[in-house]
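Taking it in order: structure first as structure tokens, then the write-up.
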Protein chains: 2
Amino acid sequence: MTLLPDPAEARAARLACRQGAPRPTAGMAPGFTQCNMISLPKDWAWDFLLYAQRNPKPCPVLDVTDPGSHRTALAPKADLRTDIPLYRIWRDGVLAEETPDATAAWAEHPDLVTFLIGCSFTFETPLQQAGIEVRHIAQGCNVPMFLTDRDCRPAGRLHGKMVVSMRPIPAGRVAEAAMISGRTPAVHGAPVHIGAPEALGIADLSRPDFGDPVQIRPGEVPVFWACGVTPQAALMASKPPFAITHAPGYMFITDVPDTHWQV
Amino acid sequence: MTLLPDPAEARAARLACRQGAPRPTAGMAPGFTQCNMISLPKDWAWDFLLYAQRNPKPCPVLDVTDPGSHRTALAPKADLRTDIPLYRIWRDGVLAEETPDATAAWAEHPDLVTFLIGCSFTFETPLQQAGIEVRHIAQGCNVPMFLTDRDCRPAGRLHGKMVVSMRPIPAGRVAEAAMISGRTPAVHGAPVHIGAPEALGIADLSRPDFGDPVQIRPGEVPVFWACGVTPQAALMASKPPFAITHAPGYMFITDVPDTHWQV
């Protein structure tokens with residue numbers, strides 16, 4: 001094994017995201033931080049940054065661009081308009097379009113402020129290194145995500161429920177999965193909920209609100225982590241006039257090793 | 001011993017801060033989170049929240065008020081205008097006044113946005129519980145703080161150097177002090193620098209830029225933590241027209257147990 005992840009792998013993965021057919025990024029460029037993205041007109045930037053500060057478990061902000069910029073310190077040579085496999089364009093809180101290239105949408109608003117938010121895919125590498133299978137990677141599909149009944153703390157014009165991602169974990173490894181993910185609070189950290197999906201307002205684990213369902217085997221417990229799709233739930237509830245986001249599970253791959261976020 | 005800190009102690013400490021002669025708050029209401037404070041006109045709030053996001057070690061934001069509000073979720077019955085022992089009023093980046101009551105200054109600007117920022121006093125309780133002496137508490141003085149030569153990452157109109165607090169720790173306990181404080185990244189977390197003060201641009205440990213000097217005994221190493229006085233260094237460097245802050249070492253005592261921030 002090598003001690004450090006190879007930055008060329010992150011660059012190659014971004015190039016594949018830019019040029020190839022869109023597919024979820026879980027398991028791509030292992031060892032590198034992945035991010036959720038949301039771009040909003042500058043007039044909404046304060047409300048969103050405050051929303052993130054007030055809801056740090058689902059919305060841990062890793063970088064904020066200058067207005068109109070499509071560059072980030074997390075991957076200096078990347079282009080935020082093209083390097084995510086699949087984007088969503090939102091108008092008045094409604095998903096208007098999905099596209100692999102957001103350049104045209106970006107050009108509609110010259111003052112977009114872009115927020116990059118930690119993603120739980122980042123701690124899937126240490127989970128796997130500990131021998132804990134990540135089911136959606138094993139099944140080659142997207143992670144299942146659910147809208148919960150938990151209100152986020154509102155900020156200005158923004159409000160909405162928390163979204164969670166779910167991974168089934170063998171009962172004997174749940175505590176370890178909690179501790180491993182807990183070491184990286186900047187990418188959602190420890191689970192927000194272990195077992196008892198009904199207590200989160202989740203009626204049916206086989207019907208996720210975002211992503212794909214995964215198999216839950218006997219002896220496994222559904223473990224729920226706060227999810228960076230939470231801002232998209234806020235878009236739907238709060239209806240800002242315009243936004244660009246990643247599509248759930250189709251993340252921005254950065255140049256930052258996941259070990260950077262360990263406390 | 002009792003398992004949980006008594007909220008009445010936090011309230012009593014705030015009352016003493018409001019009514020008594022100003023004194024540093026280190027060691028007061030042990031077990032409760034203490035905060036740095038900075039209030040800025042709304043026009044500067046975005047720049048500051050972004051500055052904090054880009055410099056999370058010195059500026060971990062624990063709460064942001066609505067414009068004009070002197071209330072915080074961290075201590076719902078407290079009044080941010082009076083419950084800090086000593087305030088500083090800043091005009092054009094210059095310290096204009098120190099006062100135990102900021103009510104009049106607050107009234108000058110109806111749209112102040114107030115940021116409460118984690119304070120390293122919060123992890124002094126677990127340090128002491130581990131048998132590590134906190135020298136400025138033992139000496140009954142303020143913690144020594146130093147302006148370093150390290151630039152913070154700028155944001156909008158705000159720029160400045162990082163400020164650190166210093167505690168001398170016996171060489172055999174330094175690693176433990178790093179690990180204990182590292183468990184609470186929201187209150188500055190692990191040290192940013194251990195030993196070698198000259199490599200931080202600190203020429204003389206006996207002459208702190210803020211607070212009081214403390215004794216360093218043979219076999220002890222100076223340990224430096226990122227400090228919530230860093231925003232005051234940004235005020236001096238960036239010269240916004242108006243600001244209110246706490247005086248270094250004279251903190252806001254909240255109702256939140258320090259264990260709340262453990263990861």
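Letters A, B, ... mirror the listed sequences (proteins, then strands); counts begin at 1.
Within 6.0 Å of the NZ atom in A:Lys239, the count of heavy atoms belonging to other residues, nucleotides or ligands exceeds 12. Shown here is B:Lys57, whose NZ atom has more than 12 heavy atoms of other residues, nucleotides or ligands within 6.0 Å.
Heavy atoms closer than 4.5 Å to chain B are found in the side chain of A:Arg153, but not in its backbone. A:Ala45 touches chain B through backbone and side chain together, each having a heavy atom under 4.5 Å away.
When all heavy atoms of B:Pro185 and A:Val263 are compared, the closest pair comes out as CG-CG1, 4.0 Å. Here the closest non-hydrogen pair linking A:Thr65 and B:Arg54 is C-NH2, 4.1 Å. Of all the heavy atoms in A:Val64 and B:Gln53, the pair that sits closest is CG2-OE1, 3.8 Å. Smallest separation of non-hydrogen atoms from B:Leu49 and A:Leu50: CD2-N, 3.9 Å.
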